[in-house]
Amino acid sequence: MELHLHFMNDKAFNRFFYISLAVLACIYAIGMQLDLMDVDSSTYALLSKQMFQSGSYLQLFLNGQDYLDKPPLVFWATCLSYKIFGIHDWAYRLPSVLCLALGLYSIYRYAKLFYSERAAKMAVLIMASCMAAYAMTIDVRTDTMLTGWVMFAMWQLAEFNRSLKIKNILLGGVGVGCAMMTKGPIGLIIPVTAFAVEFAYKREWKNFFRWQYLIAILIIAIVLIPMSYGLYEQFDLHPEKVVYDKAGTSGLRFFYWTQSFGRITGESSWNNNPDPFFLYHSFLWSFAPWCVFFIPALYTEIKNKIKNFKKPDSSETMTVAGFVLILIFLSRSKYQLPHYTFSIHPLAAILTAKYLDERFTSTIKSKLFSTFYILHILLLFIIFAIMYVIVFYIFPSPLGFPAIISLSLAGFLYLLFLWRANISTRILFITVIPFAALALIFNTYFYPKVLTYQTGSYVAKQLNETAPDSSKILIYKDYHSFSMQFYSKFPIVEHVGDQALKSCLVRGKTFILADTSYVKEILNIDPEIKITGRYYSHSPTLLSWGFLNPATREANVDHRVLMKY
């Protein structure tokens, strides 16, 4: 099969582009109303809440304990949001999502420097309609803000490399500094790697020694002063503090070296023994549904760079170098999670958009493109199958049948209408629309159901409405939930043992959350304690087929009880 490619006209494309972004923005806004998920999102939201209430902005504490894990920019931005809008889950997400929006605009401006405006807009649309973008708006971690700042820095530094304007090197320094205050040295490593390879590949040796870089270094240093001072004051001045089971931990060394490079050298104790290709196959799902076209895009780009190595052409190298080398660097870490690659997804989106734009405007028939187009169609059928499985099997809904049938009929008629359209129209429409439909089902149906199994936030919100004033919640022995602490308006005492439980009981105002295995033990302490609710508990960020399958769900959840004295 060979496809002869033509692109829709600019007016039609622009209309589709802006409508798609508006629809996706509405869907993501719905997702911002979901409960915060344990562990990371709820941890950062709770830490920001406690920072806001205590006024301790330079030294970070979580439940009164020294916190040394992430830089403070996300928490500072969240405190500002809390100040303006109040303490809400969506107020926690808002600064990071706005920073992601800055990243999308930066993708457009960066890509437009080197490619057509159509390719630049496609890159934005691809990034906005991949699973990573969806994940970054509902389960907001530091990677959401990091992605925005890194792409902003890349855009400004690329502008400087072209124009040598001081304002661009200033803004580039701000972008790098803010990226580092979001997640450490990786915010510097990505742009430095990308531009260093660009200069070396094109033998532009003089670009390594521009005096304006001193301005960028100064700006980065100034931006990092508040964080560095806080770390020094909280940890370096107190070598007696024990952090991660180790005394004498330097906060400055931890952030500028151990947290990032220590996971490669072995200095960091964090190790989850990932397989060598963990981040590679994780990227494929997080860049879905565009991952199919990214594969030939990356292959074509690398092949062209190797082919032109002796006599480089004028095309840029930062994008492919930034993606490939950073992915290899991250894969060397002894501790890896899927979201570690989110910050380089914009570069993948630009590579994919460039490839598609070239194919759409080419008069040459491409067997390679045709093969991946077929694979792409198969992936889209899988997306529709996921929607069917969610509504009919995982969480059956009485409204699911007419809703999905209507959606399928509309999709069939739409595809029938597009069958005679050019290939570019078909690819963009049949990719973005199914993704938007899946994201909508996730935000309005799937995750609201899943989050009822996050016992901490679910119980806290129930008690906020029903428990009398001045109540308190006791967590018996081993249960822990930052989401419960974030949402509860009542004081929570965790890890309460049997002896402490006796002294904490206040009739009519004491609630106890415990694993069902402790029920008899608690009743032996005081038989007047009554069970008021039973709950299935499961982490919304660690979904497995055992949990999703209704036939095996009960065997794959923890069992909790809420008791009242």
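Because the structure is a prediction, the values reported are computed rather than measured. In this chain, numbering begins with 1 at the start of the sequence shown.
- Legend: salt bridge (charged side-chain N to carboxylate O under 4.0 Å, His left out) pairs involving residues 56-66, not counting sequence neighbours, sorted by first then second residue: Asp66-Lys241.
- By the side-chain contact (heavy atoms from CB on, under 4.5 Å) test, Ser286 is found to be paired with Ala132, Phe283, Thr341, Phe342, His345, residues two or more places apart in sequence or in another chain being considered.
- Not counting sequence neighbours, the partners of Pro185 by the side-chain contact (heavy atoms from CB on, under 4.5 Å) test are Ile189, Ser260, Phe261.
- Applying the ring pair (Phe, Tyr, Trp, His ring centres under 6.0 Å) criterion to His538, with sequence neighbours excluded, gives Phe547.
- Applying the salt bridge (charged side-chain N to carboxylate O under 4.0 Å, His left out) definition to pairs two or more places apart or across chains, none involves residues 77-103.
- A side chain to side chain donor-acceptor pair (under 3.5 Å) check over residues 493-503, counting only residues at least two apart or in different chains, returns the pairs His480-Glu494.
- Remark: Phe52 engages no residue in a ring pair (Phe, Tyr, Trp, His ring centres under 6.0 Å) (not counting sequence neighbours).
- With sequence neighbours excluded, no residue satisfies ring pair (Phe, Tyr, Trp, His ring centres under 6.0 Å) with Tyr82.
- A donor-acceptor contact closer than 3.5 angstrom is absent between the side chains of His339 and Asp139.
- Using bins of under 30°, 30° to 60° and over 60° for the plane-to-plane angle, the ring pair Phe208/Trp205 lands in the parallel bin.
- Arg332 is linked by a side-chain contact (heavy atoms from CB on, under 4.5 Å) to Ile264, counting only residues two or more places apart in sequence or in another chain.
- Qualifying side-chain contact (heavy atoms from CB on, under 4.5 Å) partners for Ser42, counting only residues two or more places apart in sequence or in other chains: Leu36, Asp38, Phe482, Ser483.
- Not counting sequence neighbours, Phe329 has no partner by the ring pair (Phe, Tyr, Trp, His ring centres under 6.0 Å) test.
- Ring planes of Phe114 and Tyr110: perpendicular class, angle over 60° (limits at 30 and 60°).
- Each side chain to side chain donor-acceptor pair (under 3.5 Å) pair with one or both residues in residues 179-196, not counting sequence neighbours, appears once here: Asp143-Lys183.
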